[in-house]
Amino acid sequence: MEFYHAIVLGLVEGLTEFLPISSTAHLLMASHFLEIDTDDLLFKNFAVVVQLGSILALLVLFWGRFSSGSAFWVKILVAFLPTGALGFLFSNLIESLLSPNVIAYPLILGGIVFIIIEITHRGKQYTTSCFEMITFKQAFIIGFFQSLAMIPGVSRSGATIIGGLLLGFDRKTATEFSFLLAFPTMVIASGYSILKHHDFFTIDYVGNLSIGIFVAFVTALVAMKALLGFIAHFNFVPFGIYRILIGVVFLFSF
């Protein structure tokens, strides 16, 4: 892997990790144009560990929330339980699903769901408008929505935001909870990949990985702030349309 590969993949990771459009799909698309073999274990490890940049961005942007006390962590861990359990049981099956055809359909379906939710919920009065109002039951249910994102193309942020909207969260609360719930998921995934493939970490590889992590950190900060600013004035329909278009591209071009 060359240094410019690390820059491009870090850029794609940071920009797409927290948007409801599937970072996995966009990393595969980028690797296709960069002519990177996506079956190579080096690429697979890089694509997971580069998420550390997005994790750092999350910590910087929401440090006040992360240091707010035990109630915060209990809700996040309760929401993480379904993904943690199912991921442990079906990790090998999940890896086998990573293909353009599998990715295309969840992208398109998720886009349709976003559009339907926004149309049917137009003018709805949301019942949960801040993190403190989220119940443990709601957190656990959203955790099941997040577990759907183990299917490539679903999008972890997309699934959790949809779950929040269906449970009566306003857009800002659904989006922020989606951001925060990413923390344990990405930390464990990155840590496991590092331990599993520690022999990959040569000086050159660590150098390229560090570049990718830094780029992902900067772009993830920008992407999260941009998304929060966007949903303050608009809905998720544009993301739904975009998902459908990208899904069609995957279906017929890869």
**Request:** Report whether Phe33 and Ile36 are members of the same hydrophobic cluster (ILVMFWY, side-chain heavy atoms less than 4.5 Å apart, transitive linking).
**Result:** yes
**Message:** Students often mix this up, so state it plainly: with edges at 30° and 60°, are the rings of Tyr205 and Phe201 parallel, tilted or perpendicular?
**Reply:** perpendicular
**Message:** Test side-chain contact (heavy atoms from CB on, under 4.5 Å) on Asp37 and Phe43; report intermediate values, then the result.
**Reply:** CA-CA 7 Å; Asp37 180 9; Phe43 167 78; over 6 Å; no
**Message:** The test is side-chain contact (heavy atoms from CB on, under 4.5 Å); show your working for Ile108 and Phe250 and say whether it passes.
**Reply:** CA-CA 10 Å; Ile108 294 170; Phe250 264 87; over 6 Å; no
**NZ-CD1 distance between Lys137 and Ile141, expressed to the nearest 0.5 angstrom** = 5.5 Å
**Message:** I want to know whether Phe144 and Phe140 have ring centres closer than 6.0 Å.
**Reply:** yes
**Prompt:** Under 4.5 Å between side-chain heavy atoms, hopping through other hydrophobics if needed: is there a path connecting Leu221 to Leu58?
**Reply:** yes
**Prompt:** Ile241, Leu19: one ILVMFWY side-chain cluster at the under-4.5 Å cut-off?
**Reply:** no
**Request:** May I ask you to check whether Phe66 and Phe183 place their ring centers less than 6.0 Å from one another?
**Result:** yes
**Request:** Starting at CG of Leu181, measure out to OG1 of Thr83 and round the result to the nearest 0.5 Å.
**Result:** 6.5 Å
**Fill in**
Rounding to 0.5 Å, atoms CD1 (Ile76) and CD1 (Ile134) come to a distance of 7.5 Å
**Item:** Ser54 side chain to Glu13 side chain, donor-acceptor N/O pair below 3.5 angstrom
**Value:** yes
**Request:** Of all the heavy-atom pairs spanning Ala25 and Ser22, show the shortest one and how long it is.
**Result:** N-OG, 3.1 Å
**Message:** Are there over 12 heavy-atom neighbours, none belonging to Phe230, within less than 6.0 Å of that residue's CZ?
**Reply:** yes
**Message:** Among residues at least two apart in sequence or on other chains, which ones pass side-chain hydrogen bond (donor to acceptor under 3.5 Å, both in side chains) with Ser31?
**Reply:** none
**Asked** For the hydrophobic clusters of this structure (ILVMFWY residues joined by side-chain heavy atoms under 4.5 Å, transitively), does one cluster hold both Val187 and Val50?
**Response** yes
**Prompt:** Quick one: does Ser178's side chain have a donor or acceptor within less than 3.5 Å of a partner on Ala174's backbone?
**Reply:** no
**Message:** Is any side-chain heavy atom of Tyr105 closer than 4.5 Å to one of Leu251?
**Reply:** yes
**Request:** Specify the closest pair of heavy atoms between Arg243 and Gly111, including all atoms of both residues, with the distance to one decimal.
**Result:** NE-N, 3.3 Å
**Message:** Ring centroids only, cut at 6.0 angstrom: are Phe114 and Phe239 within range, meaning strictly under it?
**Reply:** no
**Message:** Applying side chain to side chain donor-acceptor pair (under 3.5 Å) to Thr185 and Gln146, what does each step give before you reach the verdict?
**Reply:** CA-CA 10 Å; Thr185 306; Gln146 179 177 245; 3.3 Å; yes
**Asked** If you group Ile, Leu, Val, Met, Phe, Trp and Tyr by side-chain heavy-atom gaps below 4.5 Å, do Val60 and Leu52 land in one group?
**Response** yes
**Request:** Return yes when atom CZ of Phe214 has more than 12 non-hydrogen atoms of other residues, nucleotides or ligands closer than 6.0 Å, and no otherwise.
**Result:** no
**Request:** Compare every heavy atom of Ile21 with every heavy atom of Thr16, then report the nearest pair and how far apart it is.
**Result:** CG2-CD1, 3.9 Å
**Item:** Nearest-0.5 Å distance, CD1 of residue Ile213 to CD1 of residue Ile55
**Value:** 9.0 Å
**Asked** Angle class for the Tyr126/His121 ring planes (parallel below 30°, perpendicular above 60°, tilted otherwise)?
**Response** parallel
**Message:** Using 0.5 Å steps for rounding, measure from the CD atom of Glu176 to the CE atom of Met224.
**Reply:** 10.5 Å
**Prompt:** Do the side chain of Ser147 and the main chain of Pro82 share a donor and acceptor less than 3.5 angstrom apart?
**Reply:** no
**Message:** I need the minimum non-hydrogen distance between Ala189 and Gln51, along with the two atoms involved.
**Reply:** CB-OE1, 4.4 Å
**Prompt:** Taking all non-hydrogen atoms of both residues, which atom of Val154 and which atom of Ala159 are closest, and how far apart?
**Reply:** CG1-CB, 4.0 Å
**Minimal non-hydrogen separation, Ala220 against Ala57, with atom names** = CB-CB, 3.7 Å
**Charged N-O contact under 4.0 Å between Glu118 and Arg171** = yes
**Item:** Nearest-0.5 Å distance, CD1 of residue Ile188 to OG of residue Ser193
**Value:** 13.5 Å
